Amino acid sequence: MPECGLLVSAPGKVILHGEHAVVHGKAALAVALGLRTFLRLRPGGGERLRIHLPGVGVRREWDVAELRALRGRLTGGANSPSVEQLDTLKEFAGIAADASAPDSLAILAFLYMCLAISAKYGDVPSVDITVWSELPTGAGLGSSAAYAVCLAAALLHACGAISCPLKDGEATARWTEEEMTLINSWAFQGERVIHGNPSGVDNAVGTWGGALRYQSGKITSLKRVPMLRILLTNTKVPRSTKVLVAGVKEKILKFPAIMNPVLDSIDAISQECQSVLEAMPTNPSPEYYPVLEELFDINQHHLNVIGVGHPSLDRLCRVTASHGLHSKLTGAGGGGCGITLLPPDATPLAVEAAKRDLCACGYECWETDIGAPGVTLHSSSSLNAQVLHALSES
Ligand SMILES: Nc1ncnc2c1ncn2[C@@H]1O[C@H](COP(=O)(O)OP(=O)(O)OP(=O)(O)O)[C@@H](O)[C@H]1O
Ligand SMILES: C[C@@](O)(CCO)CC(=O)[O-]
Ligand SMILES: [Mg+2]
C-alpha cells in the first residue's frame, strides 16, 4: 500500500456512432471527454475499509476481517460476477435483490471489484476511498465506466498488482500498456455489475482515452482525429443503460429479420464515419461536414427504430435542426445526452441561439474537449485545492 495514498482519474466518453450495435458485435467509434471522474485513496485506520461516493449519496464502511470472510464465501464466477455472487453481496450490503438504484449499483460494483481483485492479487486493503465526478451520472457519458476504471486502477494499485509510475516532481503519469490492459479488464467486470451485458467500449475509452474504434473487444486507435467541435446536451431525463440494452436484445430476438439489418447499417455508418474522419485534416474545412451530418441524422433514425429514442431527444434534434445543426443521441439513449456537430462555418450567433433554445427546454448544454487522456495517476499536490475543499464539505 502506498504510504501517502493516491489520486487517479478517468475520462467519460462520447460515442459518435455504434452505441447498442456494439453490444451485438458491430463497430463503435468513441472519443474520451474532457470531463473526468476522480478517485482518492488514502491509508485507512483501524482495519476498516471506507467508501465515500458523494455523487450517489453513499458513505459506508466495513471491517476488513468481515470482508475477508465474505470473500471466502464468494465461490464460482471465476472470470466475471455470477448471479450467486451478486446475491451474496446484496445480502451482505443490505441491498434489495432487484435493486437498480445508483447507490446500490455503485456499492455492489465496488464490493465485487474489491473482493475479486484482492482474492487474486493480495489482501483486502484497509483504505479510505472517495470518488467524485465532473460527469452527470446515468446520462450517456460513460459515468459507470469512468467509475469502474478508477476503482480498478486504485484497487489493483492498493493490492500491489500494478506499479506506481509517478516520478518525483511529475504532476501526472500513465501506467504501461500491460498494466492498462489489466485495469481495462477489471473495469469491464465492474461495468458488468452495473450494466449486465456491456460491450466494453466505455471502459476501453476510460482506460485508453483518445479516439478509438471498438469491435468485439478489439481496440484500434483512430489514425487521425480532427478537431471536432461538439455540443453536448443533457436532457436530464433519467434512464438506465442496463434496462435499455436489455430492451434492444428483446427487440432483436422478437424481430431478427427486421433488426439485424438495422444493426448492419449502423455498423456501416461507423465505417463510413471513420473513413471521413481519417481523411480530414486536423483543422478541417467545412466541406467534410455534410457527410458527417447526414450520418448523424441516419443513425438517429436507426436508434429510434431499435427503441432507444425518447421525446426529449426528438425535441433536442428538432431544436438544433431549426438552427441548421445536426444531432443524435449518445450512449444508451432513452433520455440522457445528445451530441450536436458544430461545423467550422456555423455562425457563433446560430450556436448561441441553439444553446439558448435548448436551455429553454430545461436542458443543460456545454462544449467540451474530446480526445482526452485515459486513466491517469496524479500527484496529490496537483489536485485542485478547491476540489479538495468541495469534497471535505460533502
Ligand atoms: N461518481 C460515481 N460514483 C459512484 N457511482 C457512480 C458514479 N458515476 C456512475 N456511477 C454508477 O454508474 C451508474 C450509472 O451507469 P449507467 O451506465 O446507467 O450510466 P452512464 O454510464 O452514465 O451512461 P452510458 O452507460 O450510457 O454511457 C450509477 O447508477 C452508479 O451506480
Ligand atoms: C449502449 C451501449 O452501447 C453504450 C453505453 O455507453 C452499451 C455498451 O456498449 O455496453
Ligand atoms: Mg454506463
Side-chain angles (χ1 to χ4, degrees), residues 9-33 35-40 51-60 95 99-113 129-151 187-188 190-206 214-217 232 234 237-249 263 266 270 299 303 306-308 310 329-339 391 394:
S9 73
K13 61 91 230 271
V14 155
I15 296 186
L16 295 176
H17 290 292
E19 47 272 274
H20 289 288
V22 68
V23 176
H24 304 278
K26 310 300 178 194
L29 297 181
V31 292
L33 272 179
L35 297 172
R36 306 180 76 83
T37 293
F38 294 87
L39 181 153
R40 183 182 62 185
I51 55 165
H52 180 202
L53 312 173
V56 291
V58 168
R59 206 186 260 280
R60 296 284 295 259
I95 294 170
S100 58
D103 55 339
S104 304
L105 291 175
I107 294 171
L108 214 53
F110 171 77
L111 281 175
Y112 176 77
M113 291 177 74
I129 288 176
T130 303
V131 184
W132 69 101
S133 189
E134 297 164 348
L135 292 160
T137 302
L141 302 183
S143 73
S144 61
Y147 173 62
V149 170
C150 285
L151 281 182
F188 182 57
E191 274 280 81
R192 275 189 159 150
V193 176
I194 296 172
H195 274 200
N197 181 28
S199 65
V201 62
D202 292 2
N203 50 278
V205 184
Y214 182 95
Q215 184 166 23
S216 303
L232 271 174
N234 188 355
V237 172
R239 84 298 171 286
S240 148
T241 301
K242 186 177 182 171
V243 170
L244 287 149
V245 167
V248 172
K249 187 173 175 191
L263 299 184
I266 293 176
S270 295
N299 199 359
L303 288 161
I306 64 173
V308 298
H310 189 272
L329 68 83
T330 189
C337 285
I339 48 176
L391 265 180
S394 61

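As the structure is a computational prediction, the values presented were derived from the model and not from experiment. The residues of the chain are indexed from 1 along the displayed sequence. Basis for what follows: all heavy atoms, side chains included, without hydrogens, waters or symmetry-related copies. Atoms within each ligand, like the ligands themselves, are counted from 1 in listed order.
At least one N/O/S atom of S144, from backbone or side chain, sits under 2.8 Å from the Mg ion (ligand 3).
The protein heavy atom nearest to atom 11 (C) of ligand 1 is I194 CD1, 4.1 Å. Closest protein heavy atom to atom 31 (O) of ligand 1: P102 O, 2.8 Å. In terms of protein heavy-atom proximity, atom 28 (C) of ligand 1 is closest to T137 CG2, 3.5 Å. Closest protein heavy atom to atom 19 (O) of ligand 1: G138 CA, 3.2 Å. For atom 26 (O) of ligand 1, the nearest non-hydrogen atom of the protein is R239 NH2, 2.5 Å. Protein heavy atom in closest approach to atom 9 (C) of ligand 1: S143 OG, 3.1 Å. Protein heavy atom closest to atom 2 (C) of ligand 2, with residue, atom name and distance, is H20 N, 3.9 Å. Counting protein heavy atoms only, atom 15 (O) of ligand 1 is closest to S144 CB, 3.2 Å. Nearest protein neighbour of atom 2 (C) of ligand 1, counting heavy atoms only, is Y147 CD1, 4.1 Å. Residue, atom and distance of the protein heavy atom nearest to atom 4 (C) of ligand 2 are I15 CD1, 3.7 Å.
The proximity of L244 to ligand 2, defined as any non-hydrogen pair under 4.0 Å, does not occur for either the backbone or the side chain. Using a 4.0 Å cut-off between heavy atoms, A139 contacts ligand 1 through its backbone alone, with no side-chain atom that close. With a 4.0 Å cut-off on non-hydrogen atoms, K242 does not touch ligand 1 at all. Within the 4.0 Å heavy-atom criterion, both parts of T241, backbone and side chain, lie near ligand 1. For L141, every heavy-atom contact with ligand 1 shorter than 4.0 Å involves the backbone, none the side chain.
Close N/O approach between A145 and ligand 1 is not found [any backbone or side-chain N/O within under 3.5 Å]. Considering backbone and side-chain atoms together, A101 places no N or O closer than 3.5 Å to any N or O of ligand 1. Considering backbone and side-chain atoms alike, G55 places every N or O at 3.5 Å or more from each N or O of ligand 1. Residue-to-ligand polar distances place G140 within reach of ligand 1: an N/O pair is separated by less than 3.5 Å.
Ligand 1 places these atoms under 4.0 Å from at least one heavy atom of D202: 25 (O), 27 (O). Residue-ligand proximity, L105 to ligand 1, at heavy-atom distances under 4.0 Å covers atoms 31 (O). Shown in contact with D202 at under 4.0 Å from a heavy atom are these atoms of ligand 2, numbered in order with element: 5 (C), 6 (O). With ligand atoms numbered from 1 in the order given, ligand 1 contributes 16 (P), 17 (O), 25 (O) to contacts under 4.0 Å with heavy atoms of H195. Of all the atoms in ligand 1, the ones that sit under 4.0 Å from a non-hydrogen atom of S133 are 1 (N). Atom numbering of ligand 1 starts at 1 in the shown order; those under 4.0 Å from a heavy atom of A106 are 4 (C), 5 (N), 31 (O).
Distances from ligand 1 to the non-hydrogen atoms of K13 include at least one value under 4.0 Å. Within the 4.0 Å heavy-atom shell around ligand 2 one finds K13.
Taking the N/O/S atoms of H195 in turn, the shortest distance to the Mg ion (ligand 3) belongs to NE2.
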**Message:** Using the rule given for side-chain contact (heavy atoms from CB on, under 4.5 Å), can you reason through V14 versus L141, listing the C-alpha separation, both sets of side-chain angles and the distance that settles it, and then say yes or no?
**Reply:** CA-CA 6 Å; V14 155; L141 302 183; 4.1 Å; yes

**Asked** How far apart are the C-alpha atoms of W132 and H52, what are their side-chain angles, what is the distance that settles it, and do they pass the side-chain contact (heavy atoms from CB on, under 4.5 Å) test?
**Response** CA-CA 9 Å; W132 69 101; H52 180 202; over 6 Å; no

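Atom CZ of F38 and atom CG of L135 lie 9.5 Å apart (nearest 0.5 Å).
Closest heavy-atom approach to atom 10 (O) of ligand 2 among the candidates A28, G196, G12, S199: S199.
At least one donor-acceptor pair closer than 3.5 Å links the side chain of Y214 to the backbone N or O of S199.
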